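Heavy atoms only: backbone and side chains are in, while hydrogens, waters and symmetry mates are out. Since the structure is predicted, the reported quantities are computational estimates derived from the model, not experimental observations.
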Amino acid sequence: VAQVVSTTPSYQNLTFSGAGVKTPASGTLSIAGNWDCSSAAALNTNNTTISLTGNLIGNGSITQGTNLITVGGDWTNTGTFTATSAGVTLTGSSKQITGSASGITFTTLTVNGTYTNNNTTGLTVSTALNGSGTLTQGTNAVLNISGTIGTLTLTATASPNTVNYNGSGAQAVKGTSYNILKINNAAGATLG
């Protein structure tokens, strides 16, 4: 059945399982360990903030609300992620991002740690990719940048990997070394 998940107290590890949608209460859902999201999670109902120290795993869909999701571990959930402008912040060290077979889309992605994109079907950032950390492209990984890219360090030398600038407006291309660089932008691009 559908369940409401309390945001107090904080959790060590948290598992969502079963067919019913899980709806966290308002406030901050704090998880010190891992979150196995194998059921649909409706964060948008109460605009729940997520503060996750460990890994996000499982195959359930996640619908973000108007508050931030912070993850300190791997993002390996294979369910559909419906992002909002509230954004996702990744803070872990030597972690990875993978997603569903159809790829994963973030609206705003802030990388303040060190992450490797291992998503071969496409990691898309539709509005802003930024942060104080490093995003490394894994072998065969695809990164689609539809918006802006800020000050984070982008390492895109793995052979092969593809970085695709495909925004609807003019874009600034990050000044770095690329293995495969695609500019699919009719409005043009400025090379960094």
Side-chain angles (χ1 to χ4, degrees), residues 10-16 24 28-38 41 43 48-64 67-84 86-164 174 176-179:
S10 299
Y11 295 89
Q12 179 57 44
N13 292 296
L14 182 62
T15 299
F16 288 179
T28 299
L29 186 64
S30 296
I31 307 163
N34 299 323
W35 180 20
D36 181 347
C37 187
S38 293
L43 306 180
T48 309
T49 301
I50 299 294
S51 177
L52 173 62
T53 303
N55 302 320
L56 175 57
I57 60 176
N59 58 6
S61 64
I62 300 170
T63 303
Q64 186 176 19
N67 287 326
L68 180 67
I69 296 174
T70 302
V71 177
D74 296 327
W75 183 298
T76 58
N77 178 276
T78 58
T80 302
F81 177 61
T82 304
T84 69
V88 171
T89 297
L90 303 176
T91 61
S93 178
S94 301
K95 302 299 181 182
Q96 68 170 328
I97 306 167
T98 59
S100 70
S102 60
I104 183 170
T105 298
F106 295 103
T107 303
T108 300
L109 178 61
T110 302
V111 180
N112 289 336
T114 53
Y115 279 79
T116 299
N117 172 26
N118 287 318
N119 200 321
T120 59
T121 54
L123 167 62
T124 299
V125 182
S126 64
T127 301
L129 174 60
N130 206 350
S132 59
T134 299
L135 180 63
T136 300
Q137 286 286 91
T139 303
N140 296 313
V142 176
L143 173 62
N144 300 305
I145 302 172
S146 302
T148 61
I149 182 167
T151 58
L152 89 162
T153 300
L154 177 63
T155 303
T157 55
S159 181
N161 86 87
T162 302
V163 178
N164 181 28
K174 182 83 172 171
T176 191
S177 296
Y178 294 90
N179 183 258

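- A tilted orientation is assigned to the rings of Phe106 and Phe81, their planes being inclined by 30° to 60°.
- For Ser94 against Thr114, the heavy-atom pair with the smallest separation is N-OG1, 2.6 Å.
- By the 4.5 Å heavy-atom criterion applied to side chains, Ile62 and Ile50 are not counted as neighbours.
- Here the straight-line distance linking atom CD1 of Ile145 with atom CG of Leu123 works out to 9.0 Å at 0.5 Å rounding.
- Of all heavy-atom pairs between Pro24 and Leu43, the closest is CG-CD2, 3.6 Å.
- Residue Ala41 comes nearest to Trp35 through the heavy atom pair CB-CZ2, 4.1 Å, listed as atom of the first residue, atom of the second, then distance.
- Between the Gln96 side chain and the Thr76 main chain, no donor and acceptor come within less than 3.5 Å of each other.
- The two atoms that bring Leu56 and Cys37 nearest to each other are CD1-CB, 4.2 Å, heavy atoms only.
- To the nearest 0.5 Å, the span separating OG1 on Thr176 from CG on Leu135 amounts to 10.5 Å.
- Looking at Asn118 and Thr116, their side chains never bring a donor and an acceptor atom within 3.5 Å of each other.
- Summarising the geometry, atom OG belonging to Ser126 is positioned 11.0 Å from atom CG belonging to Asn144; distances are rounded to the nearest 0.5 Å.
- Judged as a side chain to side chain donor-acceptor pair (under 3.5 Å), and not counting sequence neighbours, the contacts of Ser100 are Ser102.
- Judged as a side-chain hydrogen bond (donor to acceptor under 3.5 Å, both in side chains), the pairs with a partner in residues 127-138 (not counting sequence neighbours) are, in order, Asn112-Ser132, Asn117-Gln137, Asn130-Thr151, Gln137-Asn161.
- Side-chain N or O atoms of Thr28 include none that pairs as donor or acceptor with a backbone N or O of Ser30 at under 3.5 Å.
- No side-chain donor-acceptor contact under 3.5 Å links Asp36 and Thr15.
- Side-chain contact between Leu90 and Leu109: present, with at least one pair of heavy atoms (C-beta onward) separated by less than 4.5 Å.
- Across Thr91 and Tyr115, no two heavy atoms sit closer than the pair N-OH, 3.6 Å.
- Between the CD1 atom in Ile31 and the CG atom in Leu52 there is a gap of 5.0 Å [rounded to 0.5 Å].
- The side-chain heavy atoms of Val71 and Ile69, taken from C-beta on, include a pair separated by under 4.5 Å.
- Between Pro160 and Thr139, some side-chain heavy-atom pair lies under the 4.5 Å cut-off.
- In terms of heavy atoms, Asn55 sits closest to Asn34 at N-OD1, 2.7 Å.
- Separation of atoms OG (Ser146) and CG (Asn164) is listed at 8.0 Å; rounding is to 0.5 Å.
- For Thr120, the side chain to side chain contact (heavy atoms under 4.5 Å, CB included) test picks out Asn140, with sequence neighbours left out.
- The structure places OG of Ser51 at 9.0 Å from CG of Leu68, a figure rounded to the nearest 0.5 Å.
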